[in-house]
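Computed from a predicted structure; not experimentally measured. Quick note: numbers below take in every heavy atom, side chains included, and nothing from hydrogens, waters or symmetry partners.
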Amino acid sequence: MNSYTAKQVSEILQKDDSRMNLRTVRYYTQIGLIPPLALVGNKRVYTEKHLHYFRAILTLSRTGQPLASIQETLKDLELQDVEKISEQMALVDPNRILESETLKITDDVIITMSPRISAELKQKVIDSVSQVLRGTDHES
């Protein structure tokens, strides 16, 4: 099991996001955003598990979620689900999200569309997806 100090974790995470400094790592640890640290000998250390949590936090924060919401999202997830979220970090470009419009169709379906799409086309997409979800999609 690899173990890391807070400084090492911050250095690793700064490659993913420059805002992840030592102070942020310690703050997220203090407020319980990540699971309790592992005990190795008489020292508390971070592990790969914690890195997954930090990357999941970064991923979710890039979508605009506040820390309280992120904490609620992560608290009941299994580690493999946290890992899946953390692996999506590279796909979440905050600049592209800010430029786009995200619409929640259902709890399970969220659509993100470019602002270049006309209002008429957006409505057609929403209507089509809604029909499919209701199972009323009829071919013409």
Side-chain angles (χ1 to χ4, degrees):
M1 170 178 78
N2 290 338
S3 61
Y4 308 95
T5 65
K7 185 174 185 337
Q8 289 171 321
V9 167
S10 68
E11 289 169 354
I12 291 167
L13 294 172
Q14 280 189 338
K15 295 173 187 167
D16 299 322
D17 191 318
S18 61
R19 297 173 298 166
M20 285 302 296
N21 57 36
L22 180 58
R23 187 175 184 185
T24 304
V25 167
R26 287 186 173 147
Y27 177 68
Y28 288 178
T29 304
Q30 180 184 3
I31 65 172
L33 265 175
I34 62 163
L37 298 183
L39 199 57
V40 175
N42 63 349
K43 287 184 150 188
R44 293 182 329 147
V45 296
Y46 295 89
T47 64
E48 293 294 326
K49 172 183 173 180
H50 296 102
L51 288 174
H52 289 299
Y53 270 86
F54 280 115
R55 288 187 174 117
I57 292 164
L58 284 171
T59 301
L60 295 171
S61 69
R62 286 180 178 185
T63 68
Q65 282 195 45
L67 290 181
S69 174
I70 292 170
Q71 188 169 26
E72 195 63 30
T73 299
L74 295 178
K75 77 175 186 179
D76 294 324
L77 291 181
E78 298 289 330
L79 181 57
Q80 67 260 19
D81 295 325
V82 173
E83 288 176 18
K84 286 178 187 174
I85 294 171
S86 73
E87 291 165 0
Q88 301 301 311
M89 186 171 53
L91 302 176
V92 183
D93 178 353
N95 296 323
R96 291 184 64 204
I97 288 174
L98 293 175
E99 293 172 0
S100 302
E101 180 179 351
T102 301
L103 304 162
K104 181 176 179 182
I105 307 298
T106 69
D107 286 339
D108 298 321
V109 178
I110 298 172
I111 299 174
T112 302
M113 290 186 262
S114 166
R116 295 184 300 266
I117 296 175
S118 70
E120 183 181 318
L121 182 55
K122 283 181 190 177
Q123 192 57 53
K124 284 182 180 180
V125 170
I126 293 167
D127 292 344
S128 297
V129 171
S130 296
Q131 283 181 345
V132 169
L133 292 172
R134 286 193 306 265
T136 59
D137 188 33
H138 302 295
E139 291 188 28
S140 302

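Considering only heavy atoms from C-beta on, Val40 stays 4.5 Å or farther from Thr47 through its side chain. Counting only heavy atoms from C-beta outward, the side chains of Leu58 and Phe54 never approach each other to under 4.5 Å. Between Gln131 and Asp127, the closest side-chain pair of non-hydrogen atoms is not below 4.5 Å. Using a 4.5 Å heavy-atom threshold, the side chains of Leu74 and Ile85 count as touching. The shortest distance between side-chain heavy atoms of Leu77 and Lys84 does not fall below 4.5 Å. Between Tyr27 and Leu67 the shortest side-chain heavy-atom distance falls below 4.5 Å. For the pair Leu79 and Glu83, the minimum side-chain heavy-atom distance is below 4.5 Å.
Shown here for Val9 and Leu51, the closest heavy-atom pair between the two residues is CG1-CD2, 4.0 Å. In terms of heavy atoms, Ser86 sits closest to Ala56 at CB-N, 3.6 Å.
Residues that satisfy the side-chain hydrogen bond (donor to acceptor under 3.5 Å, both in side chains) test with Asp81, not counting sequence neighbours, are absent from this structure. Applying the side chain to side chain contact (heavy atoms under 4.5 Å, CB included) rule to Ser18 yields no partners; only residues at least two apart in sequence or on another chain are considered. Applying the side-chain hydrogen bond (donor to acceptor under 3.5 Å, both in side chains) test to Lys49 and every residue at least two apart in sequence or in another chain returns nothing. Applying the side chain to side chain contact (heavy atoms under 4.5 Å, CB included) test to Ser3 and every residue at least two apart in sequence or in another chain returns Val45. Residues meeting the side chain to side chain contact (heavy atoms under 4.5 Å, CB included) test with Gln65, sequence neighbours left out: Leu60, Thr63, Ser69, Ile70, Thr73. With sequence neighbours left out, the side-chain hydrogen bond (donor to acceptor under 3.5 Å, both in side chains) criterion links Arg23 to no other residue. For Glu120, the salt bridge (Lys or Arg N to Asp or Glu O under 4.0 Å) partners at least two apart in sequence or on another chain are Lys124. Applying the ring pair (Phe, Tyr, Trp, His ring centres under 6.0 Å) criterion to His50, with sequence neighbours excluded, gives Tyr46. Every side-chain hydrogen bond (donor to acceptor under 3.5 Å, both in side chains) that Lys122 has, sequence neighbours left out, goes to Glu101. Taking Ile126 as the reference, Leu103, Ile105, Met113, Gln123, Ser130 meet the side chain to side chain contact (heavy atoms under 4.5 Å, CB included) condition, with sequence neighbours excluded. By the salt bridge (Lys or Arg N to Asp or Glu O under 4.0 Å) test, Lys75 is found to be paired with Glu72, residues two or more places apart in sequence or in another chain being considered.
Atom OG1 of residue Thr59 and atom CD of residue Glu87 lie 9.5 Å apart, to the nearest 0.5 angstrom. How far CE of Met20 is from CZ of Arg55: 10.0 Å, rounded to the nearest 0.5 Å. Note that CG of Leu22 is 9.0 Å distant from CD of Glu11, once rounded to the nearest 0.5 Å. Residue Tyr28 holds its OH atom at 6.5 Å from CD1 of Ile57, rounded to the nearest 0.5 Å.
Among pairs with a residue in residues 38-48, none fulfils salt bridge (charged side-chain N to carboxylate O under 4.0 Å, His left out), at least two apart in sequence or across chains.
Using modelled atom types, one side-chain atom of Gln71 and one backbone atom of Gly32 make a donor-acceptor pair closer than 3.5 Å.
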